[in-house]
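Take a look at the structure below.
Per chain, numbering begins at 1; letters A, B, ... match sequence-line order.
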Amino acid sequence: KAGVTQTPRYLIKTRGQQVTLSCSPISGHRSVSWYQQTPGQGLQFLFEYFSETQRNKGNFPGRFSGRQFSNSRSEMNVSTLELGDSALYLCASSLDLGPLRFFGQGTRLTVV
Amino acid sequence: GEDVEQSLFLSVREGDSSVINCTYTDSSSTYLYWYKQEPGAGLQLLTYIFSNMDMKQDQRLTVLLNKKDKHLSLRIADTQTGDSAIYFCAEIGSSNTGKLIFGQGTTLQVKP
């Protein structure tokens, strides 16, 4: 059974640009959550989607947005990139509210 | 608010047992987790425990939960060099399930 797939694995963007990251959950999983990992702030929750609806949102500015498609794949978008957005972005998938949450390998975003 | 605390570093000798500790503040936590992160990789789910359990054992891993003190520990028996990684404790916060609250991570160094 394939795991959580995140693409791309690495990205380099310039300040002011926007970026879209993709996450394909484990087959049959309908919940996708996104997290940002930085050395200074650690792992912080961005948002959670279930059945194409945002169910939960973390404390991030409106430049961070996401969506989920009918096949449960999710994308997150960051507009007007800042240097501080450089981070590892991780996506987690789960069936629903059950305990098992599996993470992808992450997308390493570098903003220059 | 919800908070999870871990010590930052632990060094052990190969073959010894490792014990990684974690404290949390949310008394309404339903599940508590241990994740492992190797360099350049995503988060690997090691084990989890339901909040009404005291202990869970899975091969070399033993999780102990003291709900009264809000203390969680992970014991790794016969620690190997391949266990060197960062270990994260996490809980499902009470305010909205689906959102994982992570500790800062404990770097485990295993010396041969």
Side-chain angles (χ1 to χ4, degrees), chain A residues 3-10 21 23-26 29-51 53-60 66 68 74 87-108 110, chain B residues 1-9 20 22-26 28-53 56 58 61 63 65 72 85-107:
Chain A
V4 181
T5 304
Q6 291 189 244
T7 56
R9 287 293 311 277
Y10 303 93
L21 313 182
C23 172
S24 292
I26 293 169
H29 285 196
R30 296 198 294 163
S31 173
V32 174
S33 303
W34 289 89
Y35 294 81
Q36 182 196 63
Q37 185 179 26
T38 59
Q41 299 298 317
L43 281 152
Q44 293 189 289
F45 172 78
L46 280 156
F47 25 65
E48 177 195 11
Y49 287 87
F50 177 76
S51 290
T53 301
Q54 186 179 88
R55 190 159 63 176
N56 216 335
K57 190 176 190 308
N59 189 25
F60 277 82
Q68 187 180 33
S74 177
L88 180 66
Y89 290 88
L90 292 161
C91 148
S93 102
S94 63
L95 277 170
D96 186 356
L97 296 180
L100 296 177
R101 275 158 177 76
F102 299 100
F103 281 81
Q105 292 298 297
T107 294
R108 172 74 62 184
T110 303
Chain B
E2 303 151 334
D3 194 23
V4 178
E5 296 281 337
Q6 297 177 242
S7 53
L8 295 182
F9 186 78
I20 302 171
C22 168
T23 58
Y24 59 97
T25 58
D26 188 350
S28 303
S29 297
T30 49
Y31 294 103
L32 295 119
Y33 301 81
W34 285 104
Y35 282 90
K36 176 184 179 183
Q37 187 175 39
E38 297 182 76
L43 298 175
Q44 176 192 350
L45 176 62
L46 287 177
T47 187
Y48 69 95
I49 188 167
F50 188 47
S51 59
N52 69 354
M53 296 170 66
K56 181 177 180 181
D58 184 0
L61 305 179
V63 178
L65 174 60
L72 182 75
I86 302 176
Y87 291 79
F88 290 93
C89 167
E91 61 156 356
I92 289 288
S94 65
S95 57
N96 265 301
T97 54
K99 171 184 174 182
L100 284 167
I101 309 295
F102 284 91
Q104 315 94 301
T106 300
T107 298

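Heavy-atom distances place the side chain of Gln37(B), and not its backbone, under 4.5 Å from chain A. For a residue to count as touching a neighbouring chain, one of its non-hydrogen atoms must lie under 4.5 Å from one of that chain's; by this rule Arg9(A) touches chain B with the side chain only. Heavy atoms of Tyr35(A) lying under 4.5 Å from chain B belong exclusively to its side chain. Residue contact with chain A, scored on non-hydrogen atoms closer than 4.5 Å, involves the side chain of Tyr33(B) exclusively. At a 4.5 Å heavy-atom cutoff, the contact between Leu45(B) and chain A is made by side-chain atoms alone. Only the side chain of Gln37(A) comes within less than 4.5 Å of a heavy atom of chain B; its backbone N, CA, C and O stay farther away.
In this structure, Leu100(A) and Tyr48(B) approach most closely via the heavy-atom pair CD2-CE2, 3.4 Å. Looking at every heavy atom in both residues, Lys99(B) comes nearest to Asn56(A) through CB-ND2, 3.8 Å.
For the atom pair CG of Leu43(B) and SG of Cys91(A), the computed distance is 11.0 Å after rounding to the nearest 0.5 Å.
Taking a 6.0 Å sphere around CG of Asp58(B), one finds it holds more than 12 heavy atoms contributed by other residues, nucleotides or ligands.
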Verify side chain to side chain contact (heavy atoms under 4.5 Å, CB included) between Tyr35(B) and Arg101(A), making sure each step is shown before the conclusion. CA-CA 10 Å; Tyr35(B) 282 90; Arg101(A) 275 158 177 76; 3.4 Å; yes
Criterion side chain to side chain contact (heavy atoms under 4.5 Å, CB included) on Gln104(B) and Leu43(A), from CA distance to verdict: CA-CA 8 Å; Gln104(B) 315 94 301; Leu43(A) 281 152; over 6 Å; no
